Amino acid sequence: MIQLTERQHACLRYLCQRTEFVTVETLACNFEVSPRTIRADLGAIEAYLSASDVTLSRSAGRGIRLDVAPTVRASIVASLGKADSRVLSSAERNAVAEMMLVCYPVVTFLAIADYCGVSKQTVSARFADVDAFFSSNGLRLVREPGVGSRVEGPEIDRRRCFLGLTSDDSLYDLLAPIASSVAASHIEEATNLVKQVELACDIGFANSERLQLAIAFMLSRAASGCVLEDGRDTTTDVDREMQDYLVQVQPFVPTKAEAIFLVSILLSQRLSVTGGSDSLPTGRDDEAEDISRLLIDALGEIHEVDEASLEHVISGFTRHVRAALYRSRNGIKIQGEVPVQITSSIPLLYDFTRKQLAGIEGRYGVMFDENEVAYIAMYLDAIYETSVREAVALNVLFVCSFGLASSSILMTRLSHILVDCNVFGPLSAEGVGEFLTRNDIDLIVSTSGFSYPDVPVLEVDPILSQASLDAVKQGISNASYQKLCSGFLSAYSLSGDSSRHYVRDLVDPTAVQVGVSCMSWHEAIRLAACPLLRYGLIDKHYVDQMIAAVENYGPYMVLTPGVAYVHAGVDDGIKRNCIAVLVLNEPIDFGPSGESKRIRVIVVLGVRDKEQSELLNLASIFERGESIRAFERCTDVESILALHD
C-alpha cells in the first residue's frame, strides 16, 4: 500500500473537504511549499487513490478536485485515519505511545512499533519525549525489562492526558481507534448518557462522537476500579445549572467526584443553543463560534476583514477556540515554548487579544491562561496581516546618482527583494525633495550619501554586494514591520474611546528616567527595570527573561520608531501591573547583531492582569511624530509625562 507523508496526508484531507476546483498555487500557499513540491505530492496522492479506483479531475485554469460521491469522500477520510495510510511523524508516534500508555495497563515497544509501522529501535530512540510528556502532566513512566512500560500517578491526571490527546484535531483520527479498543463496551452507555442530558437539559453538544468516546473511556476506567474518590473538592456547593447536569449523570457513575468530572466534560462541549441535538442549526452556533465571531468583529473595527478569502483560516480559528475552551474547562495545559515566541513577536495583537478575551471570559464562564491567549492571538494576527497586506505595502523610492541605464540595472537586481513593494524611481538626489512633497514614501534606497527628514534612508553600494543585498532585505523587513505596527496603532486609537491619554495617566513618575547613557541594549533593559525592582514590583528573574526574549526572538519589541517595549511572562517574577520608561541620551543598537534596530527609548512592561495592560495606549502615544521628536530633545521627566495621544 502507498504510504503518504504528513503533508501529502493533510493535502488529501484538504481536497476531500472541498467540492470546488483548487489550484496548485493555492495548495502551495496553504502548505507553505513551492508549486513544484505540490505537484510531486499530487503524484503520490494519485498513486494512493488509484488503489480505490479514484482519480483527481483536472481543469485547465481552474485546478484539481476530487469528483466522487460523498460516500466515497467519507471512506477516503476514514482510511486516512488509519496509521498504515501514511508515514507517521515522530510527534505522531509519540502521541500513539502516550495514548497506548494512558489506555492500557502495560505497553511494549513492539506493540507501539506495530501500530506505527516502524521498528522497535525507532520507538525506543524517542521514548524520552514520552517520558517527559507524562512527567509534565504529573505522572510517572515505569519501565520493566521483559515486561513493558506502564504509567503511574493520580487517576485524574491520566484522564486529563486522555482529554488533551483527543482534543487535538490533527491526532484524533489516529488515536481514536486506540481509545475505542478499551472503551467499546461503554460506548452505548455513553451515548445514552449524552442523549439523556440533551433531553433533560434541552441542550446540544458539539462533536457528539468525540464526546461519547471521552465519556466511554471515563466510564471504562471507573468500571475497572480506577475511580475518582470524593474529597474536599467534591463537597462544595455547585451552581444550579451544574446541579441539573449532575442529576442526570450520577446514576451512571459510582461517586460524586466522577459525576462532577463528567459534567465538566459535558459543559466543555455544550452548544449555546436550546432544543437538543435534533434541532441544532446547521451553522453550529456554539460557544466557540460565538467567541471567534466576537474576536473577528473586534478585529474588523481595526481593519476590514475579507472573510470570504479567509474562510478556511476563520474555520480553523473557530476549531481552535473550541479546543481551547475544552482544555481550559478541563485543566489541560498547553506545553512548550511557542507561546513565549508568540508574545515576543506579535506583542500588539497579543495585547489586543488579551484585552478582548478579558471582556469575553466572564460571559462564558471560562478563563484562558497566557498560553491559550497566545495561540488565539496567533490566529488573529494571521487574519489581520492577510487583510492589510495591500494597505501596508511599502512605498520605496530608489535614488541613484548614476545614469539611467546603470540605475535600471541596479533596480532590476533589487527587484526580487522589492517584489511586494510599490517601487518609485530611479530619481537623482536633486529631484527627491519635490517628489516627496507629492508622495508618501516609507523607505529610500540610495547609492549615495543621501538623507531626508522623517524618511529612513538605506544606502547601498553601486555594485550591490551581498552585504548590501542583505542590508536591503533587513531594511525592508524592518520598515514593513514598522508600517504594520503603526497602521494597527492608528486604527486602534480611532476605534477606541475618544478621551485623551497622557503618559502620566499610565506610568508612575518615579519609574521614568531620562538623560541616561549606556553602551548596550542589555544594560539599557537592566537600567530601565531598576525602579520596578527597587519597589518590588518585579524580580531579577523577570529582567533576565526579558533579555533572553530579545536574544532568542530578535527585536520584534521595537513597535514604534526608536522605542522597544520589553516584557516577560506572567510566571517569570511579576507581582502586579507596572511600567517603566528609560530615555537615552543617544540611540543604541537593540537586538542581536545583524538584525538590530536603532532605539532611544526602552519601555519595560509588567502585565499581571490582562484587562489592565496599557501597551496599546502607551504605544499609541509614542508612535506619534511629536513624541519621537520630544525624545530627541528630552531633558526632564515632566516632558515625557506630558506626552499624549
Side-chain angles (χ1 to χ4, degrees), residues 339-340 343-344 347-348 350-351 354-355 358 370 373-374 501-553 555-560 562-585 587-588 590-591 599-623 627 630-631 634-644:
V340 179
T343 59
S344 299
L348 291 180
Y350 176 73
D351 205 58
R354 186 159 48 183
K355 282 180 173 294
E370 186 179 28
V373 175
H501 297 93
Y502 286 84
V503 173
R504 64 166 49 91
D505 300 327
L506 310 176
V507 187
D508 191 298
T510 62
V512 179
Q513 305 172 72
V514 300
V516 178
S517 297
C518 65
M519 299 300 294
S520 71
W521 63 268
H522 304 77
E523 181 187 0
I525 291 177
R526 295 189 186 282
L527 287 172
C530 280
L532 305 183
L533 283 167
R534 186 183 309 125
Y535 292 107
L537 302 177
I538 60 173
D539 295 338
K540 182 180 179 298
H541 178 65
Y542 192 84
V543 181
D544 294 335
Q545 289 302 103
M546 288 191 292
I547 292 173
V550 181
E551 290 175 336
N552 292 333
Y553 308 118
Y556 289 104
M557 304 81 173
V558 182
L559 307 177
T560 59
V563 185
Y565 303 79
V566 294
H567 64 90
V570 172
D571 300 321
D572 288 329
I574 175 175
K575 303 300 188 297
R576 63 179 175 84
N577 283 30
C578 52
I579 304 176
V581 178
L582 174 75
V583 183
L584 298 168
N585 278 330
I588 60 172
F590 180 84
I599 62 108
R600 184 185 286 270
V601 181
I602 295 276
V603 176
V604 173
L605 296 159
V607 182
R608 185 73 186 176
D609 303 314
K610 54 192 171 189
E611 66 274 11
Q612 297 177 5
S613 171
E614 299 293 357
L615 168 60
L616 289 169
N617 289 331
L618 193 62
S620 295
I621 298 173
F622 285 175
E623 68 103 14
S627 298
F631 294 140
C634 177
T635 57
D636 62 277
V637 170
E638 182 56 35
S639 62
I640 297 299
L641 296 174
L643 295 174
H644 57 80

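Values in this document were obtained by computation on a predicted structure and should not be read as measured data.
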Is any side-chain heavy atom of I547 less than 4.5 Å from a side-chain heavy atom of R526?
-> yes

Compare every heavy atom of C518 with every heavy atom of A524, then report the nearest pair and how far apart it is.
-> CB-SG, 3.6 Å

So how far is it from D351 CG to L616 CG, rounded to the nearest 0.5 Å?
-> 4.5 Å

Nearest heavy-atom approach of C578 to L537 is CB-CD1, 3.7 Å

Can you tell me if NZ on K575 sees more than 12 non-hydrogen neighbours from other groups inside 6.0 Å?
-> yes

Sub-4.5 Å side-chain heavy-atom contact between V601 and I640 = no

Heavy-atom nearest pair, I602 first then V566, reads CG2-CG2, 4.1 Å

What is the distance from atom CG of L615 to atom OG of S620, rounded to the nearest 0.5 Å?
-> 8.5 Å

Taking every non-hydrogen atom, the tightest pair across Y556 and P347 = O-CG, 4.3 Å

Can you see which heavy atom on L641 is nearest to which on Y502, and at what distance?
-> O-CB, 4.1 Å

Rounded to the nearest 0.5 Å, what separation is found between the CG atom of L584 and the CD1 atom of I599?
-> 5.5 Å

From L348 CG over to L559 CG, what is the distance, rounded to the nearest 0.5 angstrom?
-> 4.5 Å

From CG (L532) to CZ (R576), nearest 0.5 Å | 9.5 Å

May I ask you to test the F631-L643 pair for a side-chain heavy-atom distance under 4.5 Å?
-> yes

N/O donor-acceptor pair under 3.5 Å between R600 side chain and N585 backbone = yes

In Å, rounded to the nearest 0.5 Å, how long is the span from CG of L506 to CG of N577?
-> 12.0 Å

Closest heavy-atom contact between V543 and A529?
-> CG2-CB, 3.7 Å

Which pairs, with at least one residue in residues 506-545 and sequence neighbours excluded, count as a ring pair (Phe, Tyr, Trp, His ring centres under 6.0 Å)?
-> W521-F590

Is a salt bridge present between E370 and R354, judged by a nitrogen-to-oxygen distance below 4.0 Å?
-> no

Check whether any side-chain heavy atom of Q513 sits under 4.5 Å from a side-chain heavy atom of P531, and report yes or no.
-> yes

Side chain to side chain donor-acceptor pair (under 3.5 Å) with D572: which residues, sequence neighbours excluded?
-> none

